[in-house]
Amino acid sequence: MVNWAAVATVFVLPVSFVWDLLSFWRLQLNFWWRFYLGAGRGNHVERVRRVQKQVLAWKEDGRGRKMCSARPSWMSITPITLGYKDRLYRVKLDEMVDILKVDKQKMEVTVEPGVTIGFLNRMMVRYGMTLPVVPELDVLTIGGLVAGGGLESTSHKWGMFHHTCTQYEIVTADGSCLIASEEENRDLYHAIPMSYGTLGFLTSVTVKIVPYHPYLRLTYRPCASLKESMEVLEKETNKASGNDSVEGIAFSKDTSVIMTGQFVDSGEVEKSKMNRIGLWYKPWFYQHVQTFLQKGEQVEYVPTLHFHQRHNKGCFWLAHLYLPWADGFLARLLTGWLLPLNNQLLKFLKEKFEKTQVFQDAQDDRGVIQDFMIPIHHLEKAVQLTDTITGIYPLWMVPSRLYQPSLPLEILPKAGDVIFIDLGVYGFSQIPNWPGPDKTLRKFEKFTLEHQGFQGLYAETLLTLDEFCDMFPHQLYKRVKESLPYCVEAFPNTYEKVSRVGRQQVSKTMETMET
């Protein structure tokens, strides 16, 4: 078996640094060339036409096969190997990486779906703007955040990332290019988010922007019991005003740190309390947070860009798997500037040479990488369940406002107008008699269904089709899919893309057709 920790240390880490550096400057030069010379929008029209041409070619010679994007499995954030793509009709979208328009009057930015959140946010900061919701991992694409969902510690105010999107441009299965917004093709506009590319190919997304404040006043509140953690998290989340950011990290069932933040300008910063947490030699964020269990409640002023990227270096707390040495002071001082490790590159190598998933076979297959959206009044039971069946810590706890009054009644959460908490379970179980990842996942899924929650679909799901339709209201999605020409024939449905059973069904169907 390959020693992937050694491979990551000797090869992947330095190559990651060069790869990420070159990728950033390629995007930067592309942005300067196209945006400032005014050619970006015209080139966008040509790129859309090339997508349409590929879709029309499917109508001629691809019938029988479903369509999907040609983006390889290893570039996806999912830890799962998406082998089913090999048998589908793949449409290339890799050119779609431009920022098209910044409208400071409407407070919107229009981008192509391949733009990454990290690059887009940096560019907006130069305009004195930022995005209302900035998911932590820089490599996440705007298209992926729309199609698969994304949130952040500002989501208690703004909701999911797609709730901040005002317009989509999409190429449908008949080659048409449609605009979808509240005013135009409204049902399509509300069906696109979380549809995993099964209604067409996104070619542009318009997102709200907000004024940028360079610092965050961050308060760390340690909690010494599960009851206290729940009370503080709920109190801070439901404040009518005052908190721009709310986030919790649980380090055991009875210990956590709840963090709240307010964006401020430079003149409001107390210099003695400033902490540039993003500097290469600084402790990984979750380890820094853990120190407040002993220090007690304190306030720091953190540069906003550093805060946006706070979980990058440690990949939350998963970088230990492949870089078990990298969090020590000397290691941070000498090599911290090489981080973060590019998990896409690591995933490519594992799929290429070992035919395994990025977290597969690690620690006797005891890994859990899952997010569950639970109504806040059920979070205490969810943490107790996680403690019992996995014993995994830390846990990430981030509130999100899923109930948006503008949403159609069909897709409003069944739990009503309540705050949901994203419970992120990332790690490896050390409990005796571990039943395995599948049985554990089924317990999580059953709990989430019973408590009117939602499962993060970027990772594995073992839901049956009936359970999936119960968890994710599908009436609007189904109506839109059936109304778009060729859509049912052209694309898998969402269940077929995100569930293990669904992907197996698609693969079997395609295999049968090939024979």
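Source: prediction; values computed, not measured. By convention here, the first residue in the shown sequence is residue 1. Computed from heavy atoms alone, side chains included, the values below leave out hydrogens, waters and symmetry copies.
- The two residues L463 and R442 make their nearest non-hydrogen contact at CA-NH1, 3.7 Å.
- Between the OG atom in S204 and the NZ atom in K101 there is a gap of 11.0 Å [rounded to 0.5 Å].
- Rounding to the nearest 0.5 Å gives a distance of 9.5 Å between CD of E234 and CD1 of I419.
- Side-chain atoms of T304 come within 3.5 Å of backbone N or O of H213 as a donor-acceptor pair.
- Remark: the backbone N or O of V246 is not paired with any side-chain donor or acceptor of N243 at under 3.5 angstrom.
- If you take CG on L449 and CE on M471, they are separated by 3.5 Å, rounding to the nearest 0.5 Å.
- Annotation: side chain of F420 is not in contact with side chain of L151 (no heavy-atom distance under 4.5 Å).
- Using modelled atom types and a 3.5 Å distance limit, the side chains of Y458 and D371 yield a donor-acceptor pair.
- For NZ of K235, the number of neighbouring non-hydrogen atoms (other residues, nucleotides, ligands) closer than 6.0 Å is 12 at most.
- For the pair D98 (side chain) and L100 (backbone), a donor-acceptor distance under 3.5 Å is absent.
- R366 places a side-chain N or O within 3.5 Å of a backbone atom of S429 that can act as its donor or acceptor partner.
- Contact annotation: the side chain of I392 never approaches that of I431 to less than 4.5 Å [non-hydrogen atoms, C-beta and beyond].
- The two atoms that bring Q28 and F119 nearest to each other are N-CE1, 3.7 Å, heavy atoms only.
- Residue M194 holds its CE atom at 5.0 Å from CG of L457, rounded to the nearest 0.5 Å.
- Not one N or O on the side chain of K313 forms a donor-acceptor pair closer than 3.5 Å with the backbone of R332.
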>> I'd like to know whether Y393 forms a ring pair (Phe, Tyr, Trp, His ring centres under 6.0 Å) with W317, so could you lay out the CA-CA distance, the side-chain angles of the two residues, the decisive distance to 0.1 Å, and finally the verdict.
In response: CA-CA 9 Å; Y393 292 97; W317 31 87; over 10 Å; no

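- Evaluation of the ring pair (Phe, Tyr, Trp, His ring centres under 6.0 Å) test over residues 219-242, restricted to residues two or more places apart or in two chains, returns Y220-H288, Y220-F292.
- Side-chain atoms of Y189 and E182 form no donor-acceptor pair, as typed in the model, at a separation below 3.5 Å.
- Here the CD atom belonging to E270 is positioned 6.5 Å from the CZ atom belonging to R217, to the nearest 0.5 angstrom.
- E228 and S225 get closest at one heavy-atom pair: N-OG, 3.0 Å.
- When all heavy atoms of N342 and Q344 are compared, the pair lying nearest together is OD1-N, 2.9 Å.
- The shortest heavy-atom contact between C165 and V205 is SG-CG1, 3.7 Å.
- Taking the six-membered ring for Trp and thresholds of 30 and 60 degrees, H311 and F316 have nearly parallel ring planes, at less than 30 degrees apart.
- Judged by distance alone, the side chain of R221 and the main-chain N or O of L233 form no donor-acceptor pair under 3.5 Å.
- A donor-acceptor pair under 3.5 Å is absent between the side-chain atoms of E300 and the main chain of L218, judged by distance alone.
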Under 3.5 Å, sequence neighbours excluded: what are the donor-acceptor pairs made by side chains of residues 128-137?
from, atom 1, to, atom 2, distance (Å)
T130, OG1, N121, OD1, 2.6
E136, OE2, R310, NH2, 3.0

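- Exactly one residue among F454, F444, F447 makes a ring pair (Phe, Tyr, Trp, His ring centres under 6.0 Å) with F372. That residue is F444.
- Side chain to side chain, T110 and T206 meet the donor-acceptor criterion of an N or O pair below 3.5 Å.
- Q455 and T448 share no donor-acceptor pair across their side chains, judged by distance under 3.5 Å alone.
- Counting non-hydrogen atoms of other residues, nucleotides and ligands closer than 6.0 Å to CH2 of W19 gives a total of 12 or fewer.
- Smallest separation of non-hydrogen atoms from K282 and R276: CG-O, 3.3 Å.
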Name the atoms and distances for all side-chain donor-acceptor pairs under 3.5 Å in residues 396-408, with sequence neighbours left out.
from, atom 1, to, atom 2, distance (Å)
W396, NE1, E247, OE2, 2.7
R401, NE, H156, O, 3.1
Q404, NE2, R401, O, 2.8

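- In this structure, the side chain of S155 engages the main chain of E152 through a donor-acceptor pair within 3.5 Å.
- A donor-acceptor pair under 3.5 Å is formed between the side chain of E268 and the backbone N or O of D265.
- The environment of NZ in K446 is sparse: at most 12 heavy-atom neighbours from other residues, nucleotides or ligands sit within 6.0 Å.
- Residue-environment remark: NZ (K106) stays at or below the threshold of 12 foreign heavy atoms within 6.0 Å.
- Atoms NE2 and OH, from H190 and Y168 in turn, are 9.0 Å apart once rounded to the nearest 0.5 Å.
- Side-chain contact between L293 and Q290 is present, with heavy atoms from C-beta onward closer than 4.5 Å.
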